[in-house]
Amino acid sequence: MSDERQELWIDKVRSFAKPIQEAEYDVFEAEANIKRIKARLMLEATASGCRTVASQETFAEDSPRLYEARIALAKSKGLLSGLKVQLDAIKVGFEEWRTKMVNAREEQKRYGA
């Protein structure tokens, strides 16, 4: 029974591997998208007559496209954080269960129950 319960806990932890992998990929993809969009906007700024890097960055930062890309990154990071919190909660539950099992075994040794 104990090994079966332990395996159930381990399966719960394993079930988070794929969603966390996908969420981390989404975060990296969103970060890359921000860089790509900002670079294109800075090129547009240059074509519009912005000659300094500061003016090009201001032009890019003012763009709704860059803002939306940053919102997408925030959503991806929020999802990743949520998954990690859920995983941590499962780990805490497992540690609590494991401690109870150890305590039960110690009581059985002491009292022969």
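Every heavy atom of this structure was used, including side-chain atoms; hydrogens, water molecules and symmetry mates were not.
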Given Arg14 and Glu7, is the side chain to side chain contact (heavy atoms under 4.5 Å, CB included) satisfied, shown in steps? CA-CA 10 Å; Arg14 281 187 196 125; Glu7 192 60 35; 3.0 Å; yes
Any carboxylate oxygen within less than 4.0 angstrom of a Lys/Arg side-chain nitrogen, looking at Glu61 and Arg70? yes
In Å, rounded to the nearest 0.5 Å, how long is the span from CD of Glu29 to CD1 of Ile34? 11.5 Å
Looking only at heavy atoms, what is the nearest atom pair of Leu87 and Val13, with distance? CD1-CG1, 3.8 Å
Over all heavy atoms of both residues, which pair between Leu83 and Ala23 is shortest? Give the atoms and the distance, please. CD1-CB, 3.8 Å
Can a salt bridge be assigned to the pair Lys100 and Glu96 using a cut-off of 4.0 Å between side-chain N and carboxylate O? yes
Does Lys35 form a side chain to side chain contact (heavy atoms under 4.5 Å, CB included) with Arg40? I'd like the steps, not just the answer. CA-CA 9 Å; Lys35 289 179 182 179; Arg40 286 185 181 167; over 6 Å; no
Kindly indicate whether the side chain of Lys77, heavy atoms from C-beta on, has any atom under 4.5 Å from the side chain of Glu24. no
Nearest 0.5 Å, please: how far is CG in Leu73 from CD in Glu68? 12.5 Å
Is there a side-chain hydrogen bond (donor to acceptor under 3.5 Å, both in side chains) between Thr52 and Ser55 once you walk through the steps? CA-CA 5 Å; Thr52 65; Ser55 65; 2.9 Å; yes
CG on Leu41 to OG on Ser48, rounded to 0.5 Å: 10.0 Å
First locate atom CZ of Phe94, then atom OG1 of Thr99, and finally report the distance between them rounded to the nearest 0.5 Å. 9.0 Å
Any carboxylate oxygen within less than 4.0 angstrom of a Lys/Arg side-chain nitrogen, looking at Arg65 and Glu44? yes
Kindly determine whether Met101 and Arg5 satisfy side chain to side chain contact (heavy atoms under 4.5 Å, CB included), including the steps that lead there. CA-CA 11 Å; Met101 293 296 105; Arg5 291 281 299 165; over 6 Å; no
Is a side-chain donor or acceptor of Thr46 paired with a backbone partner of Met42 at a separation under 3.5 angstrom? yes
Point-to-point distance, once rounded to the nearest 0.5 Å, from CG of Leu79 to CD1 of Ile20: 9.5 Å
To check you understand the geometry: which heavy-atom pair defines the closest contact between Gln56 and Ala45, and what is its length? CA-CB, 3.8 Å
Tell me, please, whether Trp9 has Lys12 positioned over its six-membered ring: NZ or CZ under 6.0 Å from the ring centre and within 45 degrees of its axis? yes
Would you call Arg98 and Glu95 a salt bridge, using N to O less than 4.0 angstrom? yes
Derivation and outcome, side chain to side chain contact (heavy atoms under 4.5 Å, CB included), residues Ile37 and Asn33: CA-CA 6 Å; Ile37 290 170; Asn33 194 33; 3.7 Å; yes
